[in-house]
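Take a look at the structure below.
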Amino acid sequence: MSDDIQIQTSSKTPALIAREVARRRTFGIISHPDAGKTTLTEKLLLFSGAIQMAGTVKARKSGRHATSDWMEIEKQRGISVASSVMQFEFRDHIINLLDTPGHQDFSEDTYRVLTAVDSGLMVIDAAKGVEAQTIKLLDVCRMRNTPIVTFMNKLDRECRDPLELLDEVESVLKIQCAPVTWPIGMGKNFRGVYHLINDEILLFRAGEESVQGFEVIKGIDNPRLQEMFPLEMDQLRMEVELVHGASHPFSLEDFLAGKQTPVFFGSAINNFGVREILSALVDWAPAPGSRDASVRVVQPTEEKFSGFVFKIQANMDPAHRDRIAFLRVCSGRFERGMKVKHLRLNREVKVSSVVTFMASSREQVEEAYAGDIIGLPNHGNMQIGDSFSEGEMLQFTGIPYFAPDFFRQVRIRNPLKIKQLQKGLQQLGEEGAVQVFKPVQGGEVVLGAVGVLQFEVVASRLLNEYGVDAVFEGTSISTARWVSCDDKKMLADFEAALGHNVAYDAAGNMAYLATSGVNLRLTQERWPKLTFHATREHA
Ligand code: G4P
């Protein structure tokens, strides 16, 4: 270890690190498309003062704004292909908000982002209830028992019955609901929400930008309320009695264990309910916790820096054409210019140009602590799942790859571009934009994706970034499984016997490419000693 690391190490005080960790909250927003994730993200930023103007995030989504026109396709489709990271302050806390692509074709990317958060904010369109994408995402959160805060959005519209919504969340998502606020009316008659814990009524006032806050009236029996909304108050009292009887009171312990979700009602577009969510995240959601790093568990307050890459993004800024590896800090203190070890390559790298993600722009980061996300410039040697430390051999676990459901073969129009094609596919494979399988026999590379739109993204990026005009063609492959076995000879026999359907992915793992479900089943039956995995963790 060099002298300059020694000096940095000695300046780190455990108390400082502990304080910084304690005031961090890192969460991801999950929702089905159109539930209001973008709107809510914008309001969270607006509320915390991170952005001054409404429309920044929204415009970004629709492609009217340049800051995050990261990819042409994102503009064309008006969907968020790339996950983004935003950091802001609220009540002396540092909040890292990780956006996840809502489109189902990019769910794989979304899943990986969820490995880097400590809690989740689930947004549900209260008119529609639980939707397909929400179910999938919550399943991923459940893998790590991630605590979830729920926001029932769009109460300014006619919605479904609130009790029915809670019931649906409980039965479909298999998570207990603890309503924290309760809506008073809905649609045109939406009057506000009653805070069940604080015994306060927050009065709704339509109109964007009401960041100043909403009027609060203390006590459900306050005569003023009775005067203002005689009908609604009678109804509310009845409902509250029912809710108290039928639902679970909020339990911090159950929330932290991922068993119970506190539920808030509101209207993102009207900025109504946003403060309550932020407060819940600050007051209840966990600060960065410990992480499994194979050889041992790493505590966030340890003095030495460690972290892992959960996402690689190319060309975030078209002007720079750079690739950025998103690293979640797991412990210690990261300082700009420090040397860290890239553990898979066993290579020391000096990280001088690192970016953090302030809400409106990328800025140089001076220091970062557990829970923070930093962007490392990547010249093609970092992969998803790579761990970094000050020297100790750690391997953070839990970053999933999912067996693809769609497959294509790639052909290029100009054979002279074969090198560029290989380079492009290698990089896009490492980045996780698509899975690349090289068959042991037969030559043609097979691409696998969780959603078909990924192929369009890859075709467009091959053309724009690598100058390769590629044609994607259907294949006879319908499903893939990673194959493992302690007996290396058995694996070699398998490869020799079924070479046409055996391939290696970009990280060098063996996979079986099956032509049908029946074919897969028969192969599994014939090779009982081999294990066929539908997901794999980065190793
Ligand atoms: P997403 O990121 O989850 O896909 O959803 P987004 O925020 O883009 O919201 C989807 C639609 O729902 C948008 O309308 C948005 O304005 C609307 N919306 C979000 N929050 C609320 C709310 O609290 N109340 C009501 N009534 N609508 C809400 P759009 O017509 O698709 O887009 P736009 O024309 O408003 O931009």
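Note that these values count all heavy atoms, side chains included, but never hydrogens, waters or copies made by symmetry. As the structure lists them, so they are numbered: ligands from 1, and atoms in each ligand from 1. Index from 1, following the sequence.
At under 3.5 Å, not a single nitrogen or oxygen of Leu40, backbone or side chain, sits near a nitrogen or oxygen of ligand 1. Ligand 1 has no nitrogen or oxygen under 3.5 angstrom from a nitrogen or oxygen of Asn270.
Residue Asp34 places a heavy atom less than 4.0 Å from ligand 1.
Taking every non-hydrogen atom of Arg157 and a distance limit under 4.0 Å, the qualifying atoms of ligand 1 come out as 25 (C), 26 (N), 27 (N). Applying the 4.0 Å criterion to heavy atoms of Lys37 picks out, from ligand 1, the atoms 1 (P), 2 (O), 3 (O), 5 (O), 7 (O). Listed by number with element, the atoms of ligand 1 under 4.0 Å from a non-hydrogen atom of Ile269 are 16 (O), 20 (N), 21 (C), 22 (C), 23 (O), 24 (N), 25 (C). Contact atoms of ligand 1 toward Pro33: 4 (O) (distance under 4.0 Å to a heavy atom of the residue). Counting the atoms of ligand 1 from 1 in the order shown, those under 4.0 Å from a heavy atom of Ser267 are 22 (C), 23 (O), 24 (N).
For Arg291 and Asp118, the salt-bridge test passes: some basic side-chain N is under 4.0 Å from an acidic carboxylate O. Looking at Asp99 and Lys37, a side-chain N of the basic residue comes within less than 4.0 Å of a carboxylate O on the acidic one, giving a salt bridge. Between Glu241 and Arg237 there is no salt bridge, since none of the side-chain N atoms of the basic residue sits less than 4.0 Å from a carboxylate O of the acidic one.
Taking CG of Leu252 as the start and CD of Gln260 as the end, the distance is 9.5 Å to the nearest 0.5 Å. Atoms CD and CG, from Glu164 and Asp167 in turn, are 8.0 Å apart once rounded to the nearest 0.5 Å.
Using a 4.0 Å cut-off between heavy atoms, Thr38 contacts ligand 1 through both its backbone and its side chain. Under 4.0 angstrom from ligand 1, the non-hydrogen atoms of Asn153 all belong to its side chain.
Remark: the Asn189 side chain and the Glu232 side chain contain no N/O donor-acceptor pair separated by less than 3.5 Å.
Crowding of Glu253 atom CD: a count of heavy atoms from other residues, nucleotides or ligands under 6.0 Å not exceeding 12.
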